[in-house]
Amino acid sequence: MELSVSRRNFLRTASGALLATPLLRAQTRPPNVVLILCDDLGYGDLHSYGSQIPTPHLDRMAEEGVRFSQFYSASNVCSPSRAALLTGRYQTRVGVPDVLAPNGTTGLSTSEKTIAEVLKPAGYSTMCIGKWHVGTQQQYMPTARGFDRYYGIPYSNDQLPSVLIQNTSVIESPVIQDTLTGRYTDQATGFITANKNNPFFLYLAHTFPHIPLAVSSKFKGTTGLGMYGDVVSELDWSVGQVLDSLKTNGLDNNTLVIFTSDNGPWYQGSPGKLHGRKGSSYDGGVREPFIARFPGRIPPQATAAARQSHATASNVTGRVCDGVATTLDLLPTIAKLCGAPLPAAPLDGVDIMPLLTGAQPSLDRDVFLYFDSWYVQCARLGPWKLHFSRYNDFAWSPDPIGGRVNLPLVTPELYNLELDPDESYNVAPDNMQVVADIQARVLKMLPSFPPQVLAAWNYTMSRPVYGTPDGALPVAAPPQ
């Protein structure tokens with residue numbers, strides 16, 4: 001049989017094939033991932049979470065994607081939270097239970113795999129921009145942990161020496177911080193453009209709004225809400241630049257963009273209606289804003305009832321997920337999305353893509369532990385949060401006479417966070433079976449951690465109880 005193709009049909013067929021090529025490429029090429037992490041941004045600091053600070057670009061992300069109401073960092077301070085985020089494992093498992101000093105000799109264990117190290121074998125280009133803070137020795141730095149390139153301050157901006165590093169070389173000291181957000185943003189958009197033809201992972205870990213605050217002249221005094229408001233507004237602008245760069249380069253529909261924070265607000269900023277701040281195991285210290293956008297994969301639609309139940313002063317529309325998720329979940333979620341094999345070490349996080357897509361409203365998962373250094377202070381299971389212990393002072397306050405000590409509560413305190421998010425009403429006496437269940441789960445988990453965790457638990461539980469006169473007097477050496 002002879003085939004006859006007219007010139008018109010040929011041109012139509014050829015043109016269709018050419019037009020389809022970018023679409024097919026987008027469908028077959030692995031997705032890109034942009035993970036934006038702020039430093040000390042509070043749960044109540046974004047307009048879509050009820051803040052008066054204008055954040056229009058993050059509002060757009062929320063409207064076009066999904067916003068979580070119960071997303072948690074694995075720690076209430078910087079280094080441990082980042083170690084857990086990068087590995088999908090609790091910070092006490094990976095060698096970073098506490099904040100690291102600039103001149104320290106320890107860091108994120110080299111036996112652990114970071115998100116970048118997981119994605120590199122799958123053909124991903126990788127870059128880390130901004131705050132690192134999981135070790136400054138050469139073997140712990142980003143370029144030794146799966147990142148092709150690095151540009152940023154390797155720890156908090158209040159720590160000395162003040163240095164800006166490109167890959168492994170210091171290029172500025174002291175750092176001019178007023179222009180830092182702009183320079184980070186330029187690096188991010190440049191990386192996106194340079195890698196538009198291959199899959200990439202961009203980890204943009206902003207220095208701010210950690211203190212000392214700094215902002216460019218373009219944003220200074222623009223919000224009427226002080227330096228803090230101006231800083232957050234510039235961070236929002238940075239998000240807009242990243243989103244625009246993805247669109248300009250034709251990558252919008254094949255890129256997962258995530259925005260969150262490492263812990264609660266420090267001296268400034270808002271935890272919203274939550275109790276506690278940075279350094280606290282109350283939810284204000286660990287519950288974070290979390291927005292994810294992936295056109296075509298994360299549907300933005302929200303029912304009228306859902307929008308009403310999550311009404312804020314912002315009136316931002318879009319889908320809201322009430323399921324519990326954590327920074328521990330990012331590695332397994334990203335690895336599965338990108339077709340990369342998981343690390344050999346057992347993960348503490350789970351794949352939350354069913355929450356991102358709206359396929360499920362929540363996930364059945366084991367208890368989530370709230371660590372402060374080696375100490376398990378609380379545990380979350382479903383709507384319940386059980387407090388076991390807390391320090392004998394408030395975070396960042398002067399140490400009491402006899403020293404800062406973690407002490408057991410007289411009896412564990414239980415809060416229903418879905419009914420009582422600011423942890424005001426202890427309902428343990430009416431839910432003793434829930435208390436017993438959570439306690440049993442925690443005790444079962446403890447032996448799987450390094451020995452310091454169990455030692456810290458035993459040390460705490462052998463102490464005089466919180467609030468008693470002798471509660472501040474050490475009776476044994478704490479775990480090392």
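These numbers come from the heavy atoms of this one structure, side chains and all, not from hydrogens, waters or symmetry mates.
- H210 pairs with exactly one of Y155, Y228, W266, Y267 by the ring-ring contact (aromatic ring centres under 6.0 Å, His included) rule, that one being W266.
- The side chain to side chain contact (heavy atoms under 4.5 Å, CB included) with L251 is formed by just one residue from the set N254, T255, N253; it is T255.
- Using a cut-off of 4.0 Å between Lys/Arg side-chain N and Asp/Glu carboxylate O, D39 and R82 are scored as salt-bridged.
- R365 CZ: more than 12 foreign heavy atoms inside a 6.0 Å radius.
- Formation of a donor-acceptor pair under 3.5 Å by the T126 side chain with backbone atoms of A116 is not found in this model.
- A distance of 13.0 Å separates OG of S48 from CZ of R60, quoted to the nearest 0.5 Å.
- With salt bridges taken as basic N to acidic carboxylate O contacts below 4.0 Å, one links R404 and D393.
- Ion pairing between D348 and R89 fails under the 4.0 Å rule for side-chain N and carboxylate O.
- You'll find the ring centres of H387 and Y370 outside the 6.0 Å limit.
- For the atom pair I36 CD1 and L235 CG, the distance stands at 9.5 Å (nearest 0.5 Å).
- Within 6.0 Å of the NZ atom in K220, the count of heavy atoms belonging to other residues, nucleotides or ligands does not exceed 12.
- Salt-bridge annotation for E63 and R293: absent, with no side-chain N of the basic residue lying under 4.0 Å from a carboxylate O of the acidic one.
- Between F191 and F200, the ring center distance clears the sub-6.0 Å criterion.
- At distances below 3.5 Å, at least one donor-acceptor pair connects side-chain atoms of Q70 with backbone N or O atoms of D322.
- A donor-acceptor contact closer than 3.5 angstrom is absent between the side chains of S216 and D178.
- You'll find the ring centres of Y49 and Y43 inside the 6.0 Å limit.
- Note that the SG atom of C78 and the CG atom of D262 stand 5.0 Å from one another [nearest 0.5 Å].
- Separating the CZ atom in R380 from the OG1 atom in T326 is a distance of 11.5 Å, to the nearest 0.5 Å.
- The distance from the CG atom of L386 to the CG atom of L381 is 10.0 Å, given to the nearest 0.5 Å.
- Taking the six-membered ring for Trp and the full ring otherwise, the centers of W237 and H57 sit at least 6.0 Å from each other.
- The closest side-chain donor-acceptor pair between Q159 and H133 falls under 3.5 angstrom.
- In this structure, R93 forms a cation-pi arrangement with F449, its terminal cationic atom sitting closer than 6.0 Å to the ring centre and no more than 45° off the ring axis.
- Here R390 pairs with E413 in a salt bridge; the nearest charged N to carboxylate O distance falls below 4.0 Å.
- Side chains of K131 and S156: a donor-acceptor N/O pair is present below 3.5 angstrom, by distance only.
- With 3.5 Å as the limit, one finds no donor-acceptor pair spanning the side chains of N76 and S280.
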